[in-house]
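Worksheet: the structure to be examined is printed underneath.
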Amino acid sequence: MTTAIETTIATKTEHQIPGALLQKKVQVTVVGCGGTGSAMAAGLPYLHQAMVALGHPHGLDVTLVDGDRISRTNCVRQPFSESEVGLHKATVLATRINLFWGLGWKGVPHFVDERWGQETDILIGCVDSRAARNAITRTQTYWNCLYWLDLGNNADSGQFVLGQPENQRNKAVDSRLPTAPELFPELINVKLDKKDKLPPCSALEALERQEPFVNQTLAYQALAMLARLFRYGRLSYHGGFVNLRTGRTVPLRVDPFVWQRMMTLPLSQQSSKAPGKKVVTQ
């Protein structure tokens, strides 16, 4: 499905998709079904349809994972209604998607811990704490997946990073894409969670702490990147930094020199790794 669309020659600074993902049903797992996770879930059917239309033999098979239940506060920024308060987010989203699109995707109403070992090709993390992100890295699912796409945001900005965990499936990969915590170690530093603000307890507070559409903007930037990966079979960037306040989007290039520079900066300089960006967790 990739050769008929674009014919330019891939360079050494481009990442090539594993050939198996262009032939098999791609297993995708989304962890976290809040603001960003629900936006990712809503966009994945469009990616699935596009892949099939462009010649992929099977498209996506998606599992949504989140043990959280819908609250009234969630009904402001997230795609839930008053009638769904008290139900599990993952189950509601999966049911809604399946009814509308005629799919058989799954919703798992559980929180992720070290015992979690679901098989997947692309693990998408949309969690709101360093502790939750740290927990993902200690699961068997993480150590068996091909890709980990991690998304995080604050009030009006955020980042998304597609990486390849250094695990059994990726140990022979040349120019492996570094994961988000490899580039930004503070993302899994649980001690730093204490400095973050607690989740909002009212609808007004939710809007004051987070701009409308920051989750959707971040999710759809990440989805567009995945669409390019499956359509053309390669990427020249594997993430980006989005700032709604300035209107800027800065790509994270596939470039070992850039990665090395980012990894060697001390923690005190982590927030300046991308122009005008602060690395954030939610």
Side-chain angles (χ1 to χ4, degrees), residues 2 6 8-18 21 36 40 121-127 130 133-134 136-137 142 145-154 156-167 169-189 192 214 217-282:
T2 63
E6 189 173 273
T8 56
I9 303 301
T11 68
K12 293 182 179 179
T13 57
E14 288 185 317
H15 169 72
Q16 301 273 358
I17 191 173
L21 292 189
T36 303
M40 287 293 298
D121 298 306
I122 302 176
L123 176 60
I124 302 178
C126 303
V127 296
R130 294 173 174 85
R133 187 177 279 104
N134 187 291
I136 288 176
T137 66
Y142 174 85
C145 67
L146 284 172
Y147 290 107
W148 178 26
L149 173 58
D150 181 75
L151 300 92
N153 70 278
N154 57 19
D156 56 13
S157 62
Q159 77 278 333
F160 58 100
V161 179
L162 181 68
Q164 295 173 289
E166 194 172 9
N167 56 26
R169 295 183 73 178
N170 292 320
K171 62 181 180 180
V173 173
D174 293 329
S175 300
R176 180 182 61 85
L177 297 178
T179 63
E182 288 180 89
L183 298 173
F184 308 105
E186 72 272 27
L187 287 176
I188 57 173
N189 186 342
L192 295 178
V214 62
T217 301
L218 193 63
Y220 273 74
Q221 287 280 353
L223 286 163
M225 178 184 66
L226 291 179
R228 292 193 62 83
L229 178 63
F230 281 101
R231 184 174 187 180
Y232 302 117
R234 55 187 181 273
L235 288 172
S236 61
Y237 71 102
H238 67 112
F241 306 86
V242 179
N243 191 317
L244 297 187
R245 178 172 50 84
T246 63
R248 297 184 66 195
T249 299
V250 181
L252 174 59
R253 298 293 181 187
V254 176
D255 188 334
F257 178 72
V258 172
W259 300 336
Q260 187 62 35
R261 286 184 57 194
M262 297 173 79
M263 292 176 184
T264 55
L265 282 176
L267 183 61
S268 61
Q269 299 180 32
Q270 292 288 327
S271 63
S272 61
K273 287 178 178 178
K277 297 308 301 173
K278 177 183 179 182
V279 178
V280 288
T281 61
Q282 187 171 346

Rounded to the nearest 0.5 Å, what's the gap from CD1 on Ile188 to OG1 on Thr137? Could you check? 5.0 Å
Looking only at heavy atoms, what is the nearest atom pair of Val161 and Phe184, with distance? CG2-CE1, 4.4 Å
CZ (Phe160) and OH (Tyr220) are apart, to the nearest 0.5 Å, by 14.5 Å
I'd like to check Ile124 versus Tyr147 (side-chain heavy atoms, cut-off strictly below 4.5 Å). Are they in contact? no
Is any side-chain heavy atom of Trp259 closer than 4.5 Å to a side-chain heavy atom of His238? yes
Return the CD1 to CZ distance between Ile17 and Arg228, rounded to the nearest 0.5 Å. 13.0 Å
Given Pro178, Pro181, Cys145, the one that forms side chain to side chain contact (heavy atoms under 4.5 Å, CB included) with Pro165: Cys145
Which residue, Lys171, His15, Glu182, forms the side chain to side chain contact (heavy atoms under 4.5 Å, CB included) with Arg176? Glu182
Value rounded to 0.5 Å, distance of CG in Leu235 from CZ in Phe230: 10.0 Å
Hey, are the side chains of Val254 and Glu14 touching, using non-hydrogen atoms and a 4.5 Å cut-off? no
Residue pair Met40 / Ala222: nearest heavy atoms and the distance that separates them: SD-CB, 4.3 Å
Quick one: are Asn170 and Leu146 in side-chain contact, heavy atoms under 4.5 Å? yes
Return the CG to OG1 distance between Asn243 and Thr217, rounded to the nearest 0.5 Å. 11.0 Å
Does Arg130 reach the main-chain N or O of Glu186 with its side chain, forming a donor-acceptor pair under 3.5 Å? yes
Is there a side-chain contact between Leu162 and Leu149 in this structure, where contact means two heavy atoms from C-beta onward sitting under 4.5 Å apart? yes
Does Val214 form a side chain to side chain contact (heavy atoms under 4.5 Å, CB included) with Asp156? I'd like the steps, not just the answer. CA-CA 6 Å; Val214 62; Asp156 56 13; 5.5 Å; no
To the nearest 0.5 Å, atom CG of Leu177 lies from atom OH of Tyr237 at 12.5 Å
Please tell me if the side chains of Arg248 and Phe241 come closer than 4.5 Å, counting only heavy atoms from C-beta onward. no
Any side-chain heavy atom of Leu183 within less than 4.5 Å of one from Leu252? yes
